[in-house]
S.K.: 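Supplied in structure tokens, the structure appears directly below.
Because the structure is predicted, anything quoted here is derived from the model rather than measured. Worth knowing before you read on, the calculation uses all heavy atoms, side chains too, and leaves out hydrogens, waters and symmetry mates.
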Amino acid sequence: SPSPSPSPSPSPSSALPSLPNPSKETFDRWFPGLQRSGTATDAPSKILVCFPNAGNAEDMYTSEGSGARKQPSPLLEHCREHRVQLMAPQYPGRAMRLKDEKITTAKGMAEALFDVLAPTLVDAHKA
């Protein structure tokens, strides 16, 4: 007798968990430059997450400067042209979050950022 055909495996995107979205206020505190960068989109082709190095803020990726310091950003131009959403977190204790308690370990930063960033990445992967 013929063997039964194997059942189809679930697609990788259907196996992804559903994660609760952070509040708009929380998301905007972590990613204040997303709108300014001009890369925010409901249907990104990709999401690029850029982590500022020690001593810098998210605007090193999300801003082209202002006034006499304004310079075109090849990174932002590429992202806008190709619908790549550029997300750079603003760490607690830096720039607009200067009064927030600093996170001093990579593990602490990953744990704090996970609840804010993971839902966006999962939702984009499901699309």
Side-chain angles (χ1 to χ4, degrees):
S1 88
S3 61
S5 59
S7 56
S9 333
S11 71
S13 63
S14 68
L16 292 172
S18 178
L19 299 170
N21 288 317
S23 70
K24 180 173 178 5
E25 178 185 358
T26 297
F27 186 87
D28 289 347
R29 285 171 54 85
W30 277 96
F31 298 99
L34 181 58
Q35 295 302 319
R36 177 182 58 243
S37 73
T39 67
T41 177
D42 290 334
S45 63
K46 295 177 182 66
I47 294 178
L48 175 63
V49 182
C50 298
F51 295 92
N53 62 323
N56 276 311
E58 57 77 33
D59 65 352
M60 70 180 289
Y61 295 109
T62 62
S63 175
E64 294 171 302
S66 62
R69 295 183 62 197
K70 186 167 176 100
Q71 293 288 321
S73 165
L75 175 62
L76 289 177
E77 288 173 4
H78 174 84
C79 289
R80 292 173 189 138
E81 185 177 318
H82 297 282
R83 288 187 11 257
V84 175
Q85 185 166 289
L86 188 145
M87 300 181 68
Q90 181 59 68
Y91 304 143
R94 302 255 176 87
M96 296 183 306
R97 298 189 67 187
L98 196 56
K99 293 182 180 181
D100 292 355
E101 184 177 341
K102 291 181 182 174
I103 298 173
T104 59
T105 66
K107 180 180 181 201
M109 187 65 71
E111 289 171 346
L113 194 52
F114 179 84
D115 291 337
V116 181
L117 184 58
T120 298
L121 298 176
V122 168
D123 288 349
H125 188 72
K126 286 180 177 180

S.K.: If you look at every heavy atom in L19 and F114, which pair is closest and at what distance?
M.R.: CD1-CZ, 4.5 Å

S.K.: Treating Ile, Leu, Val, Met, Phe, Trp and Tyr as nodes and any side-chain heavy-atom pair under 4.5 angstrom as an edge, say whether Y61 and V49 lie in one connected cluster.
M.R.: no

S.K.: Closest heavy-atom contact between Q90 and P32?
M.R.: CB-CD, 3.7 Å

S.K.: To the nearest 0.5 Å, what is the distance between CE (M87) and OG1 (T39)?
M.R.: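 The OG1 atom of T39 is 8.5 Å from CE of M87, to the nearest 0.5 Å.
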
S.K.: So that I can tick it off, tell me whether R97 and E58 are bridged by a salt bridge, with the cut-off set at under 4.0 angstrom between side-chain N and carboxylate O.
M.R.: no

S.K.: Can you tell me how far the CG atom of L48 sits from the CG atom of L75, to the nearest 0.5 Å?
M.R.: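 Here the interatomic distance stands at 6.0 Å.
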
S.K.: Between SG of C79 and CG of L86, what distance do you get to the nearest 0.5 Å?
M.R.: 4.5 Å

S.K.: Can you tell me how far apart CG (L98) and OH (Y91) are? Round to the nearest 0.5 Å.
M.R.: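 These two atoms lie 16.0 Å from each other.
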
S.K.: Ignoring hydrogens, what is the shortest heavy-atom contact between S63 and G65? Give both atom names and the distance.
M.R.: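 For S63 versus G65, the nearest heavy atoms are OG-N, 3.0 Å.
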
S.K.: Nearest 0.5 Å, what's the CG-CD distance between L121 and Q85?
M.R.: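 That separation rounds to 9.5 Å.
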
S.K.: Do R29 and E25 sit within salt-bridge range, that is, some charged N less than 4.0 Å from a carboxylate O?
M.R.: no

S.K.: If you compare all heavy atoms of A54 against all heavy atoms of R94, which two are closest, and at what distance to 0.1 Å?
M.R.: CA-NH2, 3.9 Å

S.K.: What pair of heavy atoms forms the shortest contact from S73 to E64, and how long is it?
M.R.: N-OE2, 3.2 Å

S.K.: Minimum heavy-atom separation for F51 to P89, with atom names?
M.R.: CD2-CG, 3.8 Å

S.K.: What distance do F31 atom CZ and T120 atom OG1 have between them, rounded to the nearest 0.5 Å?
M.R.: 7.0 Å

